[in-house]
Amino acid sequence: IGQLVDRVVAGVTAVPGVTGAAVASHVPLTGGSAGSDVWFSGEVRPTGVDLQARVRLVSAHYLRTLGIRVVDGRDIGPEDGATTAPVVVVNETLARRLGTERDSVGRSVTFGVPVFNGADGTKSWRIVGVAGDTFDRGPREPAEPEVLMPLAQAPAEVFFWISRELQLAVHAGREAAPRGADVRGVAANIEPALALGPLTPLDDAVAASFARERLLARLLTGIGVTGIALALVGLVAVVHHDLQRRRREIAIRLAIGADASAVVASLVRRGVMNAALGALAGLTLSVATGSALSSLLFGIAAGDPLTLATVSLTVVALAVLAAWLPARSATAIDPAEALRVP
């Protein structure tokens, strides 16, 4: 299998537009895989601690092809073959669970599944890298502890775990993306019996995993924008009504020499105070009800100070504009004409 994988990867990499390729037992967002307990070699197996980790079989340059960051150490490479010392890469979640987030590289691990530990049970796997976490079951599920194991070094029995199915990851340039037919043609030329399933862009898989959140976000955004628009229309109407009632007052102030800009500022101040009170009430409700929307947020807290401050300042700024326009037009009236109105 290792030789077949190498030939397929080399052939696909040669396709115009392809900048990298790798094979794995499963790629992110396609479900989990079988796993095993993992602990440091030479240490007593801890009790009462969850040591279960997913085992992902990967070819060389898997992390680079998928764009997964290398936190420490290196990626699985072509030098990690069947005749070299066994190595693995662990993800950040597993490194934290093992208690060695910053010094995992160089240590060796043992698996709870005997097949990984050799015929005499003494085989150990040296950690050569720590990779960033990825999501296998969608962004709503937390990242699971994971071990990346070179395909070339995996025991043959392990392939029964994955039903003898592997997934091909292809990294292509945006300007010259390869055709699916070209990739299929390479695989067919190398091994006619090799069957490739549907080729799905990773961007599409990511978009599909966020479909529900995207729909709800658009719906809530529409409701929010509509609410702000109605509030601004209401503010303009209130300010305009207030100005009509105070028309004679404004005319008198202007007639006795009041500065028009000072009059505008005083009128705007009243409208902005109302908007500021509304924004404060909105902030209070946002903090109180933010936990209800936390499942829709990724990489940001429901009470993120920067987001709340930005939205509040935006609302107040729009309120200033909504109050300034009618206030400015009110100061443009002719005092003599305004005083003649009963």
Side-chain angles (χ1 to χ4, degrees), residues 22-80 84-118 121-155 158 161-162 167 169 202 206 298-301:
V23 169
S25 54
H26 65 284
V27 297
L29 299 176
T30 59
S33 63
S36 168
D37 284 354
V38 182
W39 65 92
F40 288 122
S41 303
E43 297 184 0
V44 177
R45 181 175 182 173
T47 58
V49 180
D50 184 6
L51 303 173
Q52 185 72 198
R54 300 287 182 182
V55 178
R56 191 193 305 262
L57 309 181
V58 301
S59 67
H61 306 310
Y62 168 79
L63 297 178
R64 185 181 69 186
T65 301
L66 271 293
I68 302 171
R69 65 190 178 97
V70 178
V71 178
D72 192 14
R74 64 173 178 86
D75 194 357
I76 298 296
E79 67 274 18
D80 302 315
T84 59
V87 299
V88 293
V89 170
V90 300
N91 70 346
E92 289 180 287
T93 296
L94 179 56
R96 284 193 296 268
R97 184 165 296 182
L98 292 174
T100 58
E101 185 176 3
R102 298 186 180 277
D103 59 351
S104 297
V105 175
R107 304 191 66 173
S108 297
V109 294
T110 298
F111 290 89
V113 175
V115 68
F116 290 117
N117 302 324
T122 62
K123 183 179 181 180
S124 61
W125 301 73
R126 184 169 59 89
I127 299 175
V128 295
V130 178
D133 291 334
T134 57
F135 297 99
D136 288 326
R137 303 180 186 277
R140 289 177 292 277
E141 299 292 334
E144 298 179 277
E146 185 176 73
V147 176
L148 306 181
M149 179 180 292
L151 272 165
Q153 297 181 347
V158 177
W161 288 9
I162 58 177
Q167 295 181 342
L202 188 58
V206 173
F298 303 94
I300 187 174

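For the single chain, residues carry numbers from 1 onward in sequence order.
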Should V38 and V90 be marked as a side-chain contact (heavy atoms from CB on, under 4.5 Å) after you check the CA-CA gap, both sets of side-chain angles, and the distance that decides it? CA-CA 10 Å; V38 182; V90 300; over 6 Å; no
Which atoms form the tightest heavy-atom contact between V113 and G35, and what is the distance? CG2-O, 3.9 Å
Does anything in residues 56-70 form a salt bridge (charged side-chain N to carboxylate O under 4.0 Å, His left out)? List the pairs, not counting sequence neighbours. R56-D136, R56-E146, R69-E92
Is a side-chain N or O of N91 found less than 3.5 angstrom from the main chain of E144, in a donor-acceptor match? yes
Polar side chain donor-acceptor pair, T110 to S124, under 3.5 angstrom: no
Identify the two heavy atoms, one from F40 and one from L98, that lie closest to each other, and give their separation to 0.1 Å. CE1-O, 3.7 Å
Check whether any side-chain heavy atom of R74 sits under 4.5 Å from a side-chain heavy atom of V105, and report yes or no. no
According to side-chain contact (heavy atoms from CB on, under 4.5 Å), who are the partners of P155, at least two apart in sequence or on a separate chain? V115, F116, M149, E157, V158
So, the side chain of D75 versus the backbone of L63: is there a donor-acceptor pair under 3.5 Å, distance only? yes
Could you list the residues that satisfy side-chain hydrogen bond (donor to acceptor under 3.5 Å, both in side chains) with S108, not counting sequence neighbours? none
Can you list the residues that meet the side-chain contact (heavy atoms from CB on, under 4.5 Å) rule with P145, with sequence neighbours excluded? A53, T93, L94, R97
Check for a donor-acceptor pair, side chain of N117 on one end and backbone N or O of F111 on the other, with a separation under 3.5 Å. yes
Closest contact, heavy atoms only, S104 versus I127: O-CB, 3.6 Å
Non-hydrogen atoms of V55 and S25 that approach each other most closely: O-OG, 4.3 Å
Going by salt bridge (charged side-chain N to carboxylate O under 4.0 Å, His left out), name the residues that satisfy it together with D133, two or more places apart in sequence or in a different chain. R96
From L148 atom CG to D80 atom CG, the distance as rounded to the nearest 0.5 Å: 11.5 Å
Closest heavy-atom pair, D37 versus Q52, reported as atoms and distance to 0.1 Å, is OD1-NE2, 2.9 Å
Who pairs with Q167 by side-chain contact (heavy atoms from CB on, under 4.5 Å), at least two apart in sequence or on another chain? H26, V27, T30
Looking only at heavy atoms, which two atoms of V71 and A131 are closest? And how far apart? CG2-C, 4.0 Å
Non-hydrogen side-chain atoms of V87 and Q153 separated by less than 4.5 Å: yes
State which residues pass side-chain contact (heavy atoms from CB on, under 4.5 Å) with A22; sequence neighbours excluded, sorted by chain then number. S59, Y62, T65
What residues form a side-chain hydrogen bond (donor to acceptor under 3.5 Å, both in side chains) with R126, not counting sequence neighbours? none
